[in-house]
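Every chain is numbered from 1, with letters handed out A, B, ... down the list of sequences. Computed from heavy atoms alone, side chains included, the values below leave out hydrogens, waters and symmetry copies.
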Number of protein chains: 2
Amino acid sequence: MPELPNGKAAAATIVDVAQLAGVSIKTVSRVINNEVSVRQATRAKVLEAIERLGYKRNLFARSLRADKSFAFGLLYENPQGDYSADILHGALSACQEAGYHLVVEILSDDDISKQVERFLATTKVDGVFLTPPVCDDEEIINALERTATPFVRISPLNPAEQEAYVAINEFEAAREITNYLVSIGHKRIGHIAGAENHLSAMERSRGYRKALNDAGIIYDDSLVVSGNFDFDSGRLAAHDLFGLDSPPTAIFAANDEMAAGVLATAHEMGIQIPLECSLVGFDGGTISEVVWPKLTTINQSVRGLGVGAIRLLMDISENPEIEREPLFLPYAMKFGSSTSGPQVG
Amino acid sequence: MPELPNGKAAAATIVDVAQLAGVSIKTVSRVINNEVSVRQATRAKVLEAIERLGYKRNLFARSLRADKSFAFGLLYENPQGDYSADILHGALSACQEAGYHLVVEILSDDDISKQVERFLATTKVDGVFLTPPVCDDEEIINALERTATPFVRISPLNPAEQEAYVAINEFEAAREITNYLVSIGHKRIGHIAGAENHLSAMERSRGYRKALNDAGIIYDDSLVVSGNFDFDSGRLAAHDLFGLDSPPTAIFAANDEMAAGVLATAHEMGIQIPLECSLVGFDGGTISEVVWPKLTTINQSVRGLGVGAIRLLMDISENPEIEREPLFLPYAMKFGSSTSGPQVG
DNA sequence: TATAGTTATGACAACGTTGTCTTTTTCGAG
DNA sequence: CTCGAAAAAGACAACGTTGTCATAACTATA
């Protein structure tokens, strides 16, 4: 192996491999790319040469020639907390597994569509994965459609027909966990809703109402308080609920962080959970495990969303023509000790 | 702008710019790269042409020619929770700000050094950022040194002389928070240590001992229980501590997650925090905010570690010769309601 | 105004790969 | 054994950039 002035050994190229194997560079290229018309014997010779030289293909040259990056983009905004981290981790491992790369871009507020266009032009990613909340940004969607870039979103607010997206059936999950409260005997079930413009929030609230309806419980809007998914909104909402003349015997908070807020208020007001009031959340991340009592909640695989989205993206970018259906990922109830039957009497 | 068969407009290249500006491609190149010897008037002409055509330089061509990626690598292992997410976010935004890219690689267990070599060879990153725990993997360090790849670590166990790394002075921080407990009157202060092979754990414990020593309190090893940074280890350790004949009036848990475990045990055993026992943690992430009572803890900017590491890496890769010193980042005590003076009597 | 010394610009190759097109080889049928 | 078709292999250019070296255009000096 030749030695470079800087002391590093120069990496073997396709030319070196061709020479050693006694074939043309094009044949080596064919072997690397698993093309069909290469004789077994030739392929073997080439593979051996590759092995001997420790040849690794130069991705820049490939990308330059192909005018694509063999990578996907992940668009972010304001990443924080478990959620973003889990998605990212899922996406990363799915990419790695398939030999793709992932280019992560954090978008700032101003002139988003220009940012996206610049991102697409410079990175030449083969597809884009949009996480909430950017997955509902019209400007971004337009920019992607204008450049015919395949994309996958998580639970979009207004999915196009035949659009591919990944989601969890939050409506069903919310219905299920509310129904669980019903099934252990609760009739006055409070609800702390999530941020208003958020599809998840709407779906979870819808599931709550459906469960009540199915159980023949009349919807009482004094038991429903709006929150915005954060701890403090949960704390305040709980204050309202516990302050009612006839407070609920159970509460469904639209996510775990707000449920943690409910716990804090309960502790402050000396209300025992679950004895005096049962509590369920939604998400199933770290928070549900580190509070006391541990939360009964919906365990959704956020990591799975990341994995699913990337797999879908690979599929789409390879077979763009096929019709798509949304990919729904599994969820499951996780039982903590924040729930019990209502107090008698 | 020429139209491609697929309908996309072909991106302008340096050649188009040169033509429009009436100069050679080399001159355009010089302008793009801010080289000196270009006349003002020429530069202006070129810049205008660039603007008019919406020219963006092709990064693959550049990387191919330069045989480097203009990107940094971030090596991960088992990313989970706030910590990894915050670091990543910090690193990403620092990269973006400087026009670099970040290539994230998750390492699996087997044959790490081969994975690292493959990573370096295929991505050709200009430098590598190692997060715990991989920052203490000898194989990786060797692989990096062998290929003369600049790297920055977070709080390495055995930093080389003049090695650049980022860290928080955990010893001082731990001393400070323990001293706070002393200052509000505590004398029997328990400690739940972190994972044994972890530098952070050692430093935090050392700070604890130093504070006791400074206050003239005799170190009592029955008050020190080992944990491994996770919730359950905190729960168990608290069991031991609260079960002592003469339990501590305050506990310093080496991180917030273990402190949350202490809270759970306290709740289960009916011990009131902080009335009967004060509690402090370390980290200052989400957990410290969502438990009840909120934790008094050390607030460290994990995000800042990510930003700092990347900035350091840029500096190193641009000026490799200069001697380096570790970069210590600020921390601060954050007061929750898990602490108060000891009960009298 | 000629001349040397800068400074500014340009021509051209090279980076490593893959697409296009051409040539060679193989193999089965007659 | 020949021929033709199909399969396998090769020659060569092109992708867009930057480095090297050569040349042209400017300055300041004599």
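In this structure, a donor-acceptor pair under 3.5 Å is present between the side chains of Asn33(B) and Arg57(B). No side-chain donor-acceptor contact under 3.5 Å links Thr147(A) and Glu117(A).
Across the protein-nucleic acid pair, Gln40(A) atom CD and dA9(D) atom P stand 10 Å apart, rounded to whole Å.
Contact check on Asp126(A) versus Lys68(A) returns a salt bridge, with a Lys/Arg side-chain nitrogen under 4.0 Å from an Asp/Glu carboxylate oxygen. The residues Arg311(A) and Glu97(A) are annotated as salt-bridged, a charged nitrogen and a carboxylate oxygen being separated by less than 4.0 angstrom.
Within 6.0 Å of atom CD in Glu138(B), 12 or fewer heavy atoms from other residues, nucleotides or ligands are found, so the atom counts as exposed in its surroundings. Atom NZ of Lys114(A) is surrounded by 12 or fewer heavy atoms from other residues, nucleotides or ligands within 6.0 Å.
Counting only residues at least two apart or in different chains, ring-ring contact (aromatic ring centres under 6.0 Å, His included) contacts with residues 28-70 of chain A are absent.
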Using a 3.5 Å cut-off and no angle test, enumerate the donor-acceptor pairs between side-chain atoms of residues 41-49 of chain B and protein atoms at least two apart in sequence or in another chain.
unit_1: Arg43(B); atom_1: NH2; unit_2: Glu35(B); atom_2: O; d: 2.9
unit_1: Glu48(B); atom_1: OE2; unit_2: Arg52(B); atom_2: NH1; d: 3.3

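Among the atoms of the strands shown, none is found under 4.0 Å from any heavy atom of Ser63(B).
Taking side-chain N and O atoms only, Arg39(A) has a distance below 4.0 Å to OP1 or OP2 of dA9(D). Between Thr27(A) and the phosphate of dA8(D), there is no side-chain N or O to OP1/OP2 separation shorter than 4.0 Å.
For DNA chain D, the residues of residues 29-38 of chain A within the heavy-atom distance limit of 4.0 Å (strictly under) are Arg30(A), Ser37(A), Val38(A), sorted by number.
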Polar atom pairs (N or O), protein with nucleotides 12-16 of chain D, under 3.5 Å:
unit_1: dA14(D); atom_1: N3; unit_2: Arg65(A); atom_2: NE; d: 2.8

With both pairing distances under 3.5 angstrom for Watson-Crick or G-U wobble, and | for a partner in another strand, the correct string for DNA chain C is ||||||||||||||||||||||||||||||
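For the salt bridge (Lys or Arg N to Asp or Glu O under 4.0 Å) test, no residue two or more places apart in sequence or in another chain qualifies with Glu145(A).
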I would like to know whether Arg153(A) and Glu163(A) meet side-chain contact (heavy atoms from CB on, under 4.5 Å); could you show each step before the answer?
-> CA-CA 9 Å; Arg153(A) 310 194 263 173; Glu163(A) 174 182 342; 2.8 Å; yes
